[in-house]
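Lettering of chains follows the sequences in order, A, B, ..., and the numbering in each one begins at 1.
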Amino acid sequence: MLNENTRLITDDQQVAAKVMDGEAILINLSNGLYYSIAGTGGMIWSLIENGYSLEEIADTLSRQFSVPKQEVISDVRQLASKLLSESLVTVGDSDASANTDSSLPHDVSTSYETPTLKKFDDMADMFALDPPLPGLADAPVIENPKRSQE
Amino acid sequence: MNSGELISCIVPVYNGERFVSEALDSIFAQTYRPIEVIVVDDGSTDGTPEILARYGERIQRFRQDNLGPAAARNRGIEMARGKYVAFLDADDVWHKNKLERQMQRFTENPELEVCITYKENFWESERRSEETRLKQQDHPFIKEHPGFVCQTLLACRSVFDRVGTFNESIRIGEDTDWYARAGELGVTKEVLPEVLVYRRMHSNNLTLKATKEDRLSVVVEKFKRLRASSRDEGEMITTSSEKATDKPFN
């Protein structure tokens, strides 16, 4: 179960993500579903990617936006549970340590906003069987094949 | 009646000497007429120009600097004189009945603007180990499936005035972006559940070079459109506790 020491792991094979104007955009490459995390989502996603525990995320947001940590931790836990239920992350090793050296994206929002996760399925049919697909392109590729007969 | 309407068949090609003849021959083998064939050579540096020259006046050739498939397709659309437009990539093959079967759908449904078909992938020898592995895995990529790619598309030429042409800023996935934009505008679309396109897997497929960033670029374009239009789309994900709060009397 989730607790404040939980660290989430992003699956780089399965999920592609980008932070755009403070919002995180995620796509599950295996099923073509894509997501947005609005509010303070972009920053939270970056912290998850850098191995922060849920408590460390709440600490960081609390300091950044001067809001009570208890308010933030509840939002972070709810978001974590939604990300898990959508298979966008897995639970990692709580004893690992966060990568606090890497610079985090400057969040464009000036105030804290509860992160909201939205799912979009309108392009799932189009993405479903179009590369990149996890597990598809790991066969060896010969770069200079013999020309076929013409 | 749609029968007898000209279809412009647009083939973008970049260094396609290995398979372009097969692609073009599958167009000329179509049971549907009349057609015109427009080949846009996107700056090939191999033997493609010589192969295209052999087709003489049977094809309209245009050569441009290498600008990518979206720009090549768009150039073809500019040149098209047909009421309908279809696309084939230089490494893929149409079933001989492809255009005829799709035109039947347009005849039967005058409201139709876009018709796509199922497609099936096939593997050249250099990727045979991949084919074997995917078969063993019973992977859906090995089976016939709806082809949301340009090669299956037959569209009224006029739909490009409404939806716009292909987004040239997208390196790979411009077809997905176009289908998404068409869907947002409510374009009338039909998926014909017949395999009429065969997509070749070989050592140099452009789409197999697609990266996660390419896929993200299509989604980013979608979010830009959403923001510009202030449309509210998507399904808010809620947890069970939030649902309980939303509906206190349930």
Side-chain angles (χ1 to χ4, degrees), chain A residues 12-18 20-21 23 25-30 32-38 74 77-86 88 116-150, chain B residues 17-19 21-22 47 51 121 124-134 137 139-141 143 145-149 172-173 175-176 179-180 183-184 191 202-205 207-220 222-224 226-227 233-239 241-242:
Chain A
D12 290 343
Q13 292 293 313
Q14 197 91 357
V15 176
K18 183 185 175 87
M20 190 171 87
D21 302 333
E23 183 176 3
I25 294 169
L26 318 176
I27 177 160
N28 186 333
L29 298 170
S30 63
L33 296 172
Y34 62 99
Y35 300 81
S36 69
I37 317 176
S74 148
R77 283 181 74 143
Q78 286 218 338
L79 178 65
S81 131
K82 292 171 193 175
L83 292 171
L84 278 167
S85 71
E86 295 296 318
L88 295 166
T116 52
L117 180 66
K118 256 186 168 186
K119 173 160 73 174
F120 300 78
D121 63 2
D122 58 312
M123 289 201 267
D125 284 350
M126 307 172 204
F127 284 147
L129 283 174
D130 203 27
L133 290 174
L136 180 65
D138 51 357
V141 175
I142 302 161
E143 283 302 332
N144 295 303
K146 249 169 68 179
R147 289 260 309 270
S148 64
Q149 292 168 349
E150 289 184 319
Chain B
E17 63 179 7
R18 192 171 169 207
F19 304 118
S21 294
E22 221 178 306
I51 294 169
N121 300 317
E124 285 296 318
S125 58
E126 70 264 22
R127 294 196 81 100
R128 195 54 50 75
S129 62
E130 176 184 78
E131 180 185 23
T132 306
R133 178 174 57 80
L134 293 172
Q137 294 171 346
H139 196 290
F141 198 65
K143 298 170 184 168
H145 51 270
F148 286 94
V149 292
I172 298 176
D175 40 10
T176 312
Y179 283 120
E184 289 160 23
V191 181
H202 57 97
S203 59
N204 212 25
N205 281 100
T207 45
L208 289 180
K209 294 174 186 166
T211 63
K212 294 194 299 182
E213 285 66 35
D214 291 319
R215 177 59 47 87
L216 270 169
S217 71
V218 176
V219 175
V220 164
K222 165 74 191 236
F223 277 105
K224 285 183 189 168
L226 269 181
R227 285 177 187 181
E233 288 184 20
E235 174 202 347
M236 192 71 81
I237 305 292
T238 51
T239 61
S241 60
E242 284 174 308

Nearest heavy-atom neighbours spanning [X] and [Y]:
X: A:Met123; Y: B:Val218; result: SD-CG1, 4.1 Å
X: A:Ala17; Y: B:Leu216; result: O-CD1, 3.5 Å
X: A:Val15; Y: B:Lys212; result: O-NZ, 3.7 Å
X: A:Lys82; Y: B:Thr238; result: CE-CA, 4.1 Å

Out of B:Glu213, B:Glu22, B:Lys222, which one racks up the most heavy-atom pairs below 4.5 Å with chain A?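 Result: the option with the highest number of such pairs is B:Lys222.
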Considering only heavy atoms and a distance below 4.5 Å, find which of B:Gly183, B:Gly147, B:Gly234 pairs most often with chain A.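 The residue among B:Gly183, B:Gly147, B:Gly234 with the greatest pair count is B:Gly234.
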Look up atom CG in A:Asp125 and atom NE2 in B:His145, then write down how far apart they are to the nearest 0.5 Å.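 NE2 of B:His145 is found 11.5 Å from CG of A:Asp125.
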Interatomic spacing from NZ in A:Lys18 to CZ in B:Arg215 - rounded to 0.5 Å: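 If I round to the nearest 0.5 Å, the distance is 15.0 Å.
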Interface moiety of B:Pro146 toward chain A, non-hydrogen atoms closer than 4.5 Å: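 Looking at B:Pro146, nothing touches chain A.
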Restricting to ring pair (Phe, Tyr, Trp, His ring centres under 6.0 Å), what partner residues turn up for A:Tyr34, sequence neighbours left out?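 A:Phe120, B:Phe223.
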The criterion is side-chain contact (heavy atoms from CB on, under 4.5 Å); which residues satisfy it with B:Ser217, sequence neighbours excluded?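 With sequence neighbours excluded, B:Ser217 shows a side-chain contact (heavy atoms from CB on, under 4.5 Å) to B:Ile170, given in chain and number order.
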Among A:Lys118, A:Glu86, A:Gln78, which residue meets the side-chain contact (heavy atoms from CB on, under 4.5 Å) test with B:Ile237?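 It is A:Glu86, the one option of A:Lys118, A:Glu86, A:Gln78 that forms the side-chain contact (heavy atoms from CB on, under 4.5 Å) with B:Ile237.
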Counting only heavy atoms closer than 4.5 Å, note whether A:Asp12 contacts chain B via side chain, backbone, both or neither.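 Both backbone and side chain.
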Check each atom of A:Asp122 against the heavy atoms of chain B and say whether the ones under 4.5 Å are side chain, backbone, both or neither.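 The side chain, not the backbone.
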Tell me which of these, A:Gly32, A:Ser81, A:Ser36, A:Ser85, has more heavy-atom pairs under 4.5 Å with chain B than the rest.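 Of the options given, most contacts go to A:Ser36.
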